Asks: 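Pasting a structure below so you can have a look.
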There are 2 protein chains.
Amino acid sequence: MKSDTLAATPASAPHSGRRALIASFATELFHRKGYAATSMRELASVSGIEAPSLYNHFSSKETLLHEICFGMADAFVSTAQRIAAMDLPVENRLARAIEEHLRLLFSDREAVGVFVNEWRHLSEPSLQTFKSLRSDYEQFFAGLFQEGMQQGVFTQGDPLWLGRQLLLLMNGSVHSTAPLDEDAIAQLGQRFFNLWMGGVASRPAQIS
Amino acid sequence: MKSDTLAATPASAPHSGRRALIASFATELFHRKGYAATSMRELASVSGIEAPSLYNHFSSKETLLHEICFGMADAFVSTAQRIAAMDLPVENRLARAIEEHLRLLFSDREAVGVFVNEWRHLSEPSLQTFKSLRSDYEQFFAGLFQEGMQQGVFTQGDPLWLGRQLLLLMNGSVHSTAPLDEDAIAQLGQRFFNLWMGGVASRPAQIS
DNA sequence: CAAACATACGAACGATCGTTCGTTCGCGCG
DNA sequence: CGCGCGAACGAACGATCGTTCGTATGTTTG
(Lines give C-alpha, C1' and ligand atoms only; values in the text may rest on other atoms or scores of the structure.)
Protein backbone atom coordinates (compact mmCIF):
# COMPACT_ATOMS: atom_id res chain seq x y z
CA MET A 1 0.00 0.00 0.00
CA LYS A 2 1.45 3.23 1.17
CA SER A 3 4.29 1.32 2.72
CA ASP A 4 5.87 1.29 -0.72
CA THR A 5 6.27 5.03 -0.67
CA LEU A 6 6.48 5.69 3.04
CA ALA A 7 8.85 2.90 3.92
CA ALA A 8 11.03 3.74 0.97
CA THR A 9 12.76 6.67 2.57
CA PRO A 10 13.46 5.05 5.93
CA ALA A 11 14.64 1.92 4.20
CA SER A 12 17.10 3.89 2.14
CA ALA A 13 18.96 4.50 5.39
CA PRO A 14 19.10 0.93 6.68
CA HIS A 15 20.04 1.34 10.30
CA SER A 16 22.04 4.45 9.66
CA GLY A 17 22.33 7.63 11.70
CA ARG A 18 18.61 7.79 12.27
CA ARG A 19 19.09 7.66 16.00
CA ALA A 20 21.71 10.40 15.93
CA LEU A 21 19.50 12.47 13.66
CA ILE A 22 16.63 12.26 16.11
CA ALA A 23 18.96 13.25 18.93
CA SER A 24 20.05 16.33 17.03
CA PHE A 25 16.45 17.27 16.30
CA ALA A 26 15.68 16.87 19.98
CA THR A 27 18.65 19.07 20.83
CA GLU A 28 17.37 21.82 18.58
CA LEU A 29 13.85 21.64 20.01
CA PHE A 30 14.96 21.43 23.65
CA HIS A 31 17.21 24.41 23.06
CA ARG A 32 14.67 26.56 21.26
CA LYS A 33 11.48 25.72 23.16
CA GLY A 34 12.72 24.12 26.36
CA TYR A 35 12.47 20.51 27.47
CA ALA A 36 9.07 20.74 29.15
CA ALA A 37 7.52 22.63 26.26
CA THR A 38 8.70 20.12 23.66
CA SER A 39 6.41 17.18 22.97
CA MET A 40 7.42 13.80 21.69
CA ARG A 41 4.86 14.19 18.92
CA GLU A 42 6.54 17.37 17.73
CA LEU A 43 9.93 15.73 17.86
CA ALA A 44 8.53 12.84 15.87
CA SER A 45 7.06 15.23 13.34
CA VAL A 46 10.34 17.00 12.57
CA SER A 47 12.04 13.60 12.52
CA GLY A 48 9.66 12.42 9.82
CA ILE A 49 8.13 9.58 11.82
CA GLU A 50 5.27 9.04 14.26
CA ALA A 51 5.61 9.47 18.00
CA PRO A 52 5.55 5.79 19.01
CA SER A 53 8.40 5.05 16.61
CA LEU A 54 10.68 7.25 18.69
CA TYR A 55 10.64 4.56 21.34
CA ASN A 56 12.43 2.20 19.01
CA HIS A 57 15.47 4.47 19.43
CA PHE A 58 15.09 6.02 22.87
CA SER A 59 13.38 4.47 25.83
CA SER A 60 11.93 7.73 27.13
CA LYS A 61 11.88 11.47 26.67
CA GLU A 62 14.24 11.90 29.57
CA THR A 63 16.73 9.52 27.98
CA LEU A 64 17.14 12.08 25.22
CA LEU A 65 17.79 14.84 27.72
CA HIS A 66 20.16 12.58 29.61
CA GLU A 67 22.27 11.82 26.56
CA ILE A 68 22.49 15.46 25.54
CA CYS A 69 23.39 16.76 28.99
CA PHE A 70 25.88 14.05 29.90
CA GLY A 71 27.40 14.07 26.45
CA MET A 72 28.38 17.69 26.91
CA ALA A 73 29.28 17.26 30.57
CA ASP A 74 31.68 14.43 29.81
CA ALA A 75 33.26 16.41 27.01
CA PHE A 76 33.82 19.40 29.28
CA VAL A 77 35.34 17.48 32.18
CA SER A 78 37.60 15.37 30.01
CA THR A 79 38.87 18.51 28.33
CA ALA A 80 39.48 20.01 31.75
CA GLN A 81 41.45 16.98 32.86
CA ARG A 82 43.58 17.16 29.73
CA ILE A 83 44.42 20.80 30.32
CA ALA A 84 45.01 20.36 34.03
CA ALA A 85 47.69 17.79 33.21
CA MET A 86 49.59 20.22 30.98
CA ASP A 87 52.93 21.56 32.09
CA LEU A 88 52.29 25.23 31.43
CA PRO A 89 52.25 28.47 33.41
CA VAL A 90 48.90 28.93 35.06
CA GLU A 91 47.89 31.92 32.95
CA ASN A 92 48.59 29.94 29.80
CA ARG A 93 46.52 27.06 31.11
CA LEU A 94 43.71 29.53 31.75
CA ALA A 95 43.97 30.85 28.21
CA ARG A 96 43.90 27.27 26.94
CA ALA A 97 40.90 26.41 29.12
CA ILE A 98 39.01 29.39 27.75
CA GLU A 99 39.81 28.52 24.17
CA GLU A 100 38.95 24.84 24.56
CA HIS A 101 35.74 25.68 26.35
CA LEU A 102 34.73 27.95 23.50
CA ARG A 103 35.74 25.38 20.94
CA LEU A 104 33.53 22.77 22.59
CA LEU A 105 30.77 25.33 22.98
CA PHE A 106 30.75 26.30 19.33
CA SER A 107 31.03 22.70 18.19
CA ASP A 108 27.35 22.38 19.17
CA ARG A 109 25.82 25.54 20.57
CA GLU A 110 22.38 24.00 20.85
CA ALA A 111 23.59 21.05 22.88
CA VAL A 112 25.43 23.43 25.18
CA GLY A 113 22.25 25.46 25.52
CA VAL A 114 20.42 22.35 26.69
CA PHE A 115 23.35 21.42 28.92
CA VAL A 116 23.24 24.85 30.54
CA ASN A 117 19.51 25.51 30.79
CA GLU A 118 17.60 22.22 30.79
CA TRP A 119 19.60 19.96 33.08
CA ARG A 120 17.26 20.68 35.99
CA HIS A 121 14.59 18.55 34.35
CA LEU A 122 16.70 15.46 34.90
CA SER A 123 15.39 13.27 37.67
CA GLU A 124 17.29 11.51 40.40
CA PRO A 125 19.76 9.93 40.49
CA SER A 126 20.99 11.40 37.23
CA LEU A 127 20.45 14.87 38.61
CA GLN A 128 22.94 14.35 41.43
CA THR A 129 25.51 12.85 39.08
CA PHE A 130 25.14 15.76 36.72
CA LYS A 131 25.57 18.33 39.47
CA SER A 132 28.67 16.52 40.57
CA LEU A 133 30.22 16.66 37.10
CA ARG A 134 29.31 20.29 36.81
CA SER A 135 30.90 21.02 40.16
CA ASP A 136 34.08 19.23 39.04
CA TYR A 137 34.32 21.50 36.05
CA GLU A 138 33.78 24.63 38.13
CA GLN A 139 36.42 23.44 40.56
CA PHE A 140 38.85 23.07 37.70
CA PHE A 141 38.50 26.75 36.84
CA ALA A 142 38.51 27.73 40.49
CA GLY A 143 41.73 25.77 40.89
CA LEU A 144 43.37 27.74 38.10
CA PHE A 145 42.47 31.02 39.77
CA GLN A 146 43.59 29.82 43.18
CA GLU A 147 46.92 28.67 41.78
CA GLY A 148 47.37 31.98 40.04
CA MET A 149 46.69 33.85 43.26
CA GLN A 150 49.21 31.81 45.20
CA GLN A 151 51.80 32.63 42.57
CA GLY A 152 50.87 36.29 42.66
CA VAL A 153 49.85 36.30 39.01
CA PHE A 154 46.24 37.08 39.83
CA THR A 155 44.83 39.57 42.29
CA GLN A 156 43.25 38.15 45.40
CA GLY A 157 39.58 37.17 45.37
CA ASP A 158 37.18 34.28 45.60
CA PRO A 159 38.46 31.73 43.07
CA LEU A 160 35.20 29.79 42.89
CA TRP A 161 33.26 32.98 42.27
CA LEU A 162 35.68 33.98 39.52
CA GLY A 163 35.46 30.55 37.92
CA ARG A 164 31.69 30.52 37.88
CA GLN A 165 31.50 34.04 36.51
CA LEU A 166 33.91 33.24 33.73
CA LEU A 167 31.92 30.15 32.75
CA LEU A 168 28.72 32.14 32.88
CA LEU A 169 30.20 34.71 30.58
CA MET A 170 31.41 32.24 28.00
CA ASN A 171 28.25 30.15 28.07
CA GLY A 172 26.29 33.24 27.13
CA SER A 173 27.68 32.80 23.64
CA VAL A 174 25.18 30.00 22.99
CA HIS A 175 22.63 32.70 22.27
CA SER A 176 24.67 34.20 19.47
CA THR A 177 23.31 33.45 16.04
CA ALA A 178 26.20 33.04 13.68
CA PRO A 179 28.46 30.00 13.84
CA LEU A 180 32.15 30.75 14.21
CA ASP A 181 35.05 29.18 12.39
CA GLU A 182 38.27 28.04 14.00
CA ASP A 183 40.02 31.39 13.75
CA ALA A 184 37.06 33.37 15.02
CA ILE A 185 36.85 31.09 18.06
CA ALA A 186 40.51 31.65 18.84
CA GLN A 187 40.00 35.40 18.55
CA LEU A 188 36.97 35.26 20.81
CA GLY A 189 39.03 33.33 23.33
CA GLN A 190 41.66 36.07 23.25
CA ARG A 191 38.90 38.61 23.74
CA PHE A 192 37.62 36.82 26.84
CA PHE A 193 41.09 36.28 28.17
CA ASN A 194 42.08 39.89 27.72
CA LEU A 195 38.85 41.15 29.24
CA TRP A 196 39.26 38.85 32.18
CA MET A 197 42.91 39.66 32.74
CA GLY A 198 42.98 43.34 31.94
CA GLY A 199 39.44 44.69 32.13
CA VAL A 200 38.17 47.48 29.98
CA ALA A 201 39.81 50.50 31.55
CA SER A 202 42.52 52.41 29.74
CA ARG A 203 44.10 53.00 33.13
CA PRO A 204 43.60 51.20 36.44
CA ALA A 205 40.16 51.99 37.85
CA GLN A 206 40.12 54.79 40.35
CA ILE A 207 36.75 55.23 41.96
CA SER A 208 36.32 55.32 45.67
CA MET B 1 -20.90 22.49 56.41
CA LYS B 2 -17.18 22.65 55.79
CA SER B 3 -17.61 26.20 54.61
CA ASP B 4 -17.48 27.21 58.25
CA THR B 5 -13.90 26.08 58.60
CA LEU B 6 -12.69 26.43 55.04
CA ALA B 7 -14.07 29.85 54.37
CA ALA B 8 -12.77 31.11 57.70
CA THR B 9 -9.17 31.57 56.64
CA PRO B 10 -9.80 33.29 53.30
CA ALA B 11 -12.33 35.58 54.94
CA SER B 12 -9.74 36.64 57.49
CA ALA B 13 -8.01 38.49 54.65
CA PRO B 14 -10.99 40.41 53.24
CA HIS B 15 -9.82 41.41 49.81
CA SER B 16 -6.23 41.80 50.86
CA GLY B 17 -3.04 41.01 48.98
CA ARG B 18 -4.30 37.66 47.87
CA ARG B 19 -3.61 38.50 44.27
CA ALA B 20 -0.10 39.69 45.01
CA LEU B 21 0.51 36.59 47.11
CA ILE B 22 -0.47 34.33 44.23
CA ALA B 23 1.81 36.28 41.92
CA SER B 24 4.74 35.77 44.27
CA PHE B 25 3.99 32.05 44.53
CA ALA B 26 3.88 31.89 40.75
CA THR B 27 7.21 33.70 40.59
CA GLU B 28 8.79 31.16 42.89
CA LEU B 29 7.42 28.21 40.90
CA PHE B 30 8.25 29.63 37.49
CA HIS B 31 11.76 30.32 38.71
CA ARG B 32 12.36 26.94 40.31
CA LYS B 33 10.59 24.62 37.87
CA GLY B 34 10.17 26.72 34.75
CA TYR B 35 7.00 28.16 33.26
CA ALA B 36 6.06 25.18 31.10
CA ALA B 37 6.67 22.69 33.89
CA THR B 38 4.50 24.57 36.38
CA SER B 39 0.80 23.70 36.41
CA MET B 40 -2.02 25.92 37.49
CA ARG B 41 -3.14 23.20 39.87
CA GLU B 42 0.23 23.22 41.59
CA LEU B 43 0.18 26.99 41.83
CA ALA B 44 -3.32 26.78 43.28
CA SER B 45 -2.16 24.19 45.78
CA VAL B 46 0.66 26.30 47.22
CA SER B 47 -1.71 29.27 47.19
CA GLY B 48 -4.15 27.36 49.36
CA ILE B 49 -7.03 27.42 46.88
CA GLU B 50 -8.32 25.32 43.99
CA ALA B 51 -7.22 25.80 40.41
CA PRO B 52 -10.40 27.40 39.05
CA SER B 53 -10.25 30.04 41.77
CA LEU B 54 -7.02 31.36 40.29
CA TYR B 55 -9.05 32.73 37.42
CA ASN B 56 -10.79 35.13 39.76
CA HIS B 57 -7.45 36.92 40.02
CA PHE B 58 -5.67 36.27 36.72
CA SER B 59 -7.30 35.69 33.39
CA SER B 60 -4.76 33.12 32.23
CA LYS B 61 -1.49 31.42 33.04
CA GLU B 62 0.33 33.64 30.60
CA THR B 63 -1.03 36.74 32.31
CA LEU B 64 0.99 35.74 35.35
CA LEU B 65 4.13 35.39 33.25
CA HIS B 66 3.37 38.68 31.54
CA GLU B 67 3.08 40.59 34.79
CA ILE B 68 6.29 39.14 36.18
CA CYS B 69 8.36 39.73 33.06
CA PHE B 70 7.10 43.22 32.27
CA GLY B 71 7.21 44.24 35.92
CA MET B 72 10.93 43.61 35.98
CA ALA B 73 11.50 44.96 32.47
CA ASP B 74 9.84 48.25 33.32
CA ALA B 75 11.82 48.55 36.51
CA PHE B 76 15.09 47.99 34.67
CA VAL B 77 14.45 50.45 31.86
CA SER B 78 13.15 53.19 34.12
CA THR B 79 16.23 52.83 36.29
CA ALA B 80 18.37 53.05 33.19
CA GLN B 81 16.64 56.23 32.10
CA ARG B 82 17.19 57.75 35.52
CA ILE B 83 20.91 56.99 35.44
CA ALA B 84 21.33 58.09 31.83
CA ALA B 85 20.04 61.52 32.82
CA MET B 86 22.63 61.96 35.55
CA ASP B 87 25.40 64.50 35.13
CA LEU B 88 28.31 62.27 36.06
CA PRO B 89 31.52 61.04 34.44
CA VAL B 90 30.79 57.99 32.32
CA GLU B 91 32.72 55.58 34.53
CA ASN B 92 30.74 56.75 37.54
CA ARG B 93 27.52 56.28 35.65
CA LEU B 94 28.66 52.76 34.80
CA ALA B 95 29.38 52.05 38.45
CA ARG B 96 25.95 53.41 39.34
CA ALA B 97 24.29 51.32 36.65
CA ILE B 98 25.96 48.21 37.97
CA GLU B 99 24.95 48.95 41.53
CA GLU B 100 21.36 49.80 40.65
CA HIS B 101 21.06 46.73 38.47
CA LEU B 102 22.24 44.57 41.33
CA ARG B 103 19.94 46.31 43.75
CA LEU B 104 16.96 45.61 41.54
CA LEU B 105 18.17 42.09 40.96
CA PHE B 106 18.46 41.28 44.65
CA SER B 107 15.17 42.98 45.45
CA ASP B 108 13.52 39.92 43.88
CA ARG B 109 15.95 37.33 42.60
CA GLU B 110 13.18 34.93 41.64
CA ALA B 111 11.35 37.48 39.52
CA VAL B 112 14.60 38.33 37.78
CA GLY B 113 15.17 34.64 37.18
CA VAL B 114 11.81 34.44 35.43
CA PHE B 115 12.53 37.69 33.60
CA VAL B 116 15.81 36.27 32.33
CA ASN B 117 14.89 32.67 31.58
CA GLU B 118 11.16 32.37 30.95
CA TRP B 119 10.31 35.36 28.76
CA ARG B 120 10.45 33.23 25.64
CA HIS B 121 7.18 31.58 26.63
CA LEU B 122 5.37 34.85 26.10
CA SER B 123 3.29 34.91 22.94
CA GLU B 124 2.92 37.65 20.39
CA PRO B 125 2.52 40.54 20.52
CA SER B 126 3.86 40.69 24.07
CA LEU B 127 6.96 38.86 22.96
CA GLN B 128 7.96 41.59 20.53
CA THR B 129 7.31 44.31 23.08
CA PHE B 130 9.41 42.49 25.64
CA LYS B 131 12.32 42.05 23.26
CA SER B 132 12.16 45.72 22.49
CA LEU B 133 12.37 46.70 26.15
CA ARG B 134 15.20 44.28 26.65
CA SER B 135 17.04 45.75 23.69
CA ASP B 136 16.58 49.26 25.10
CA TYR B 137 18.25 48.21 28.30
CA GLU B 138 21.15 46.57 26.49
CA GLN B 139 21.56 49.69 24.39
CA PHE B 140 21.79 51.76 27.55
CA PHE B 141 24.82 49.78 28.71
CA ALA B 142 26.27 49.73 25.22
CA GLY B 143 25.92 53.51 25.14
CA LEU B 144 27.93 53.84 28.33
CA PHE B 145 30.76 51.79 26.88
CA GLN B 146 30.67 53.65 23.60
CA GLU B 147 30.80 56.99 25.37
CA GLY B 148 33.70 55.78 27.50
CA MET B 149 35.59 54.70 24.42
CA GLN B 150 35.12 58.04 22.71
CA GLN B 151 36.52 59.73 25.79
CA GLY B 152 39.44 57.33 25.91
CA VAL B 153 38.44 56.07 29.34
CA PHE B 154 37.76 52.55 28.05
CA THR B 155 39.81 50.47 25.65
CA GLN B 156 38.36 49.98 22.20
CA GLY B 157 35.98 47.12 21.54
CA ASP B 158 32.41 46.23 20.65
CA PRO B 159 30.25 48.23 23.08
CA LEU B 160 27.13 46.11 22.55
CA TRP B 161 29.08 42.94 23.18
CA LEU B 162 30.55 44.40 26.36
CA GLY B 163 27.14 45.51 27.55
CA ARG B 164 25.55 42.14 26.98
CA GLN B 165 28.41 40.33 28.66
CA LEU B 166 28.25 42.57 31.69
CA LEU B 167 24.51 42.00 32.03
CA LEU B 168 24.98 38.28 31.59
CA LEU B 169 27.56 38.31 34.33
CA MET B 170 25.42 40.19 36.83
CA ASN B 171 22.27 38.25 36.06
CA GLY B 172 24.07 35.07 36.98
CA SER B 173 23.70 36.16 40.59
CA VAL B 174 20.05 35.07 40.54
CA HIS B 175 21.31 31.54 41.13
CA SER B 176 23.06 32.44 44.36
CA THR B 177 21.28 31.21 47.43
CA ALA B 178 21.73 33.76 50.17
CA PRO B 179 19.94 37.10 50.05
CA LEU B 180 22.21 40.13 50.34
CA ASP B 181 21.73 43.22 52.45
CA GLU B 182 22.28 46.77 51.25
CA ASP B 183 25.98 46.87 52.10
CA ALA B 184 26.71 43.49 50.58
CA ILE B 185 25.07 44.56 47.34
CA ALA B 186 27.21 47.70 47.20
CA GLN B 187 30.30 45.59 47.78
CA LEU B 188 29.29 43.15 45.08
CA GLY B 189 28.79 46.09 42.76
CA GLN B 190 32.32 47.25 43.49
CA ARG B 191 33.54 43.72 42.82
CA PHE B 192 31.90 43.65 39.41
CA PHE B 193 33.05 47.14 38.59
CA ASN B 194 36.65 46.41 39.55
CA LEU B 195 36.66 43.12 37.68
CA TRP B 196 35.25 44.78 34.62
CA MET B 197 37.58 47.77 34.72
CA GLY B 198 40.77 46.14 35.89
CA GLY B 199 40.53 42.39 35.29
CA VAL B 200 42.15 39.82 37.48
CA ALA B 201 45.80 40.17 36.50
CA SER B 202 48.33 41.59 38.91
CA ARG B 203 50.04 43.11 35.87
CA PRO B 204 48.76 43.75 32.37
CA ALA B 205 48.24 40.48 30.53
CA GLN B 206 51.12 39.54 28.30
CA ILE B 207 50.40 36.44 26.28
CA SER B 208 50.88 36.40 22.55
C1' DC C 1 13.21 -20.41 2.29
C1' DA C 2 12.46 -19.51 6.91
C1' DA C 3 13.36 -17.49 11.21
C1' DA C 4 14.85 -13.42 13.62
C1' DC C 5 15.31 -8.77 13.93
C1' DA C 6 14.82 -3.75 13.38
C1' DT C 7 11.77 -0.33 12.58
C1' DA C 8 7.64 1.69 11.45
C1' DC C 9 2.63 2.19 12.26
C1' DG C 10 -2.47 3.12 14.18
C1' DA C 11 -5.08 2.78 18.15
C1' DA C 12 -5.48 3.72 22.44
C1' DC C 13 -4.28 3.99 27.46
C1' DG C 14 -4.45 6.78 31.82
C1' DA C 15 -2.84 11.11 33.38
C1' DT C 16 -2.67 15.80 33.33
C1' DC C 17 -3.07 20.10 31.04
C1' DG C 18 -5.42 25.10 30.93
C1' DT C 19 -9.73 26.58 31.26
C1' DT C 20 -15.09 27.20 31.62
C1' DC C 21 -19.32 26.69 33.88
C1' DG C 22 -22.89 26.94 37.27
C1' DT C 23 -23.23 27.51 41.89
C1' DT C 24 -22.59 28.84 46.66
C1' DC C 25 -21.40 31.63 50.37
C1' DG C 26 -20.10 35.56 53.14
C1' DC C 27 -19.26 40.41 53.40
C1' DG C 28 -20.42 45.33 52.69
C1' DC C 29 -23.71 48.76 51.20
C1' DG C 30 -28.39 50.59 50.15
C1' DC D 1 -33.28 43.39 55.57
C1' DG D 2 -32.04 42.39 51.02
C1' DC D 3 -29.16 42.68 47.23
C1' DG D 4 -25.04 42.55 44.61
C1' DC D 5 -20.44 41.18 44.21
C1' DG D 6 -15.99 39.29 45.00
C1' DA D 7 -14.11 34.91 45.67
C1' DA D 8 -14.30 30.34 46.44
C1' DC D 9 -15.81 25.60 44.93
C1' DG D 10 -16.76 20.80 42.39
C1' DA D 11 -17.54 19.05 38.03
C1' DA D 12 -16.25 18.70 33.82
C1' DC D 13 -14.75 20.14 29.11
C1' DG D 14 -11.65 19.22 25.09
C1' DA D 15 -6.90 18.94 24.22
C1' DT D 16 -2.60 17.10 24.72
C1' DC D 17 0.80 14.71 27.31
C1' DG D 18 4.27 10.44 27.54
C1' DT D 19 3.90 5.96 26.74
C1' DT D 20 2.30 0.93 25.64
C1' DC D 21 0.54 -2.50 22.70
C1' DG D 22 -0.29 -5.39 18.84
C1' DT D 23 0.88 -5.57 14.30
C1' DA D 24 2.89 -5.05 9.60
C1' DT D 25 6.85 -4.80 6.71
C1' DG D 26 11.37 -4.96 5.04
C1' DT D 27 16.10 -6.48 5.83
C1' DT D 28 19.45 -9.62 7.59
C1' DT D 29 20.90 -14.00 8.97
C1' DG D 30 21.11 -19.04 9.29
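Predicted model only: the values in this text are computed from it and were never measured. Below, each value reflects all heavy atoms present in this structure, side chains not excepted, and no hydrogens, waters or symmetry copies.
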Asks: Between B:His57 and D:dG6, is there a contact of a side-chain N or O with OP1 or OP2 at under 4.0 Å?
Replies: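 Result: no.
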Asks: Whole angstroms only, please: what is the OH-C1' distance between B:Tyr55 and C:dG22?
Replies: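 From B:Tyr55 OH to C:dG22 C1': 17 Å.
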Asks: When you measure from the side-chain N and O atoms of A:Arg18 to the phosphate of C:dA6, is any distance below 4.0 Å, counting only OP1 and OP2?
Replies: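 For C:dA6, neither OP1 nor OP2 has a side-chain N or O of A:Arg18 closer than 4.0 Å.
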Asks: With sequence neighbours left out, write down each residue that passes salt bridge (charged side-chain N to carboxylate O under 4.0 Å, His left out) with B:Glu67, or none if nothing qualifies.
Replies: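 So B:Glu67 forms a salt bridge (charged side-chain N to carboxylate O under 4.0 Å, His left out) with B:Arg19.
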Asks: Can you sort out which residues in residues 33-51 of chain B have a heavy atom within less than 4.0 Å of DNA chain D? Ascending by number, please.
Replies: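 Under 4.0 Å from DNA chain D: B:Arg41, B:Ile49, B:Glu50.
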Asks: Is the distance from the ring center of B:Phe140 to that of B:Phe145 below 6.0 Å?
Replies: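 B:Phe140 vs B:Phe145: aromatic centres not under 6.0 Å.
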Asks: Between C1' on C:dC21 and CG on B:Leu54, what's the gap in Å once rounded to a whole number?
Replies: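 That distance rounds to 16 Å.
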Asks: Check whether the side chains of B:His31 and B:Asn117 place a donor and an acceptor atom closer than 3.5 Å, and report yes or no.
Replies: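 Side-chain D/A pair, B:His31 to B:Asn117: absent.
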Asks: Is a donor-acceptor contact shorter than 3.5 angstrom present between the side chain of A:Asn56 and the base of C:dA6?
Replies: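 Under the 3.5 Å cut-off, the side chain and the base do not form any donor-acceptor pair.
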Asks: Take the protein atom CZ of A:Phe58 and the nucleotide atom C1' of D:dG18, then report the distance between them rounded to whole Å.
Replies: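 After rounding, the gap between these two atoms is 16 Å.
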Asks: To the nearest 0.5 Å, what is the distance between NZ on A:Lys131 and CG on A:Leu122?
Replies: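 Answer rounded to 0.5 Å: 10.5 Å.
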Asks: Quick check: A:Phe58 with A:His66 (ring centres under 6.0 Å apart)?
Replies: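 For A:His66 and A:Phe58, the ring centres are not under 6.0 Å apart.
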Asks: Using whole Å, report how far NZ of A:Lys61 lies from P of D:dT20.
Replies: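 So the NZ-P distance, A:Lys61 to D:dT20, works out to 14 Å.
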Asks: Does the side chain of A:Asp136 come within less than 4.5 Å of A:Phe76's, by heavy atoms?
Replies: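 A:Phe76 vs A:Asp136: side chains apart.
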Asks: Just the rounded figure in Å: distance from C1' of D:dA8 to CD1 of B:Ile22.
Replies: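 Computing the B:Ile22:CD1 to D:dA8:C1' distance gives 11 Å.
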Asks: From C-beta outward on B:Pro52, which listed nucleotide comes closest to its side chain: D:dT19, C:dT20, C:dA8?
Replies: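 Closest of the options to the side chain of B:Pro52: C:dT20.
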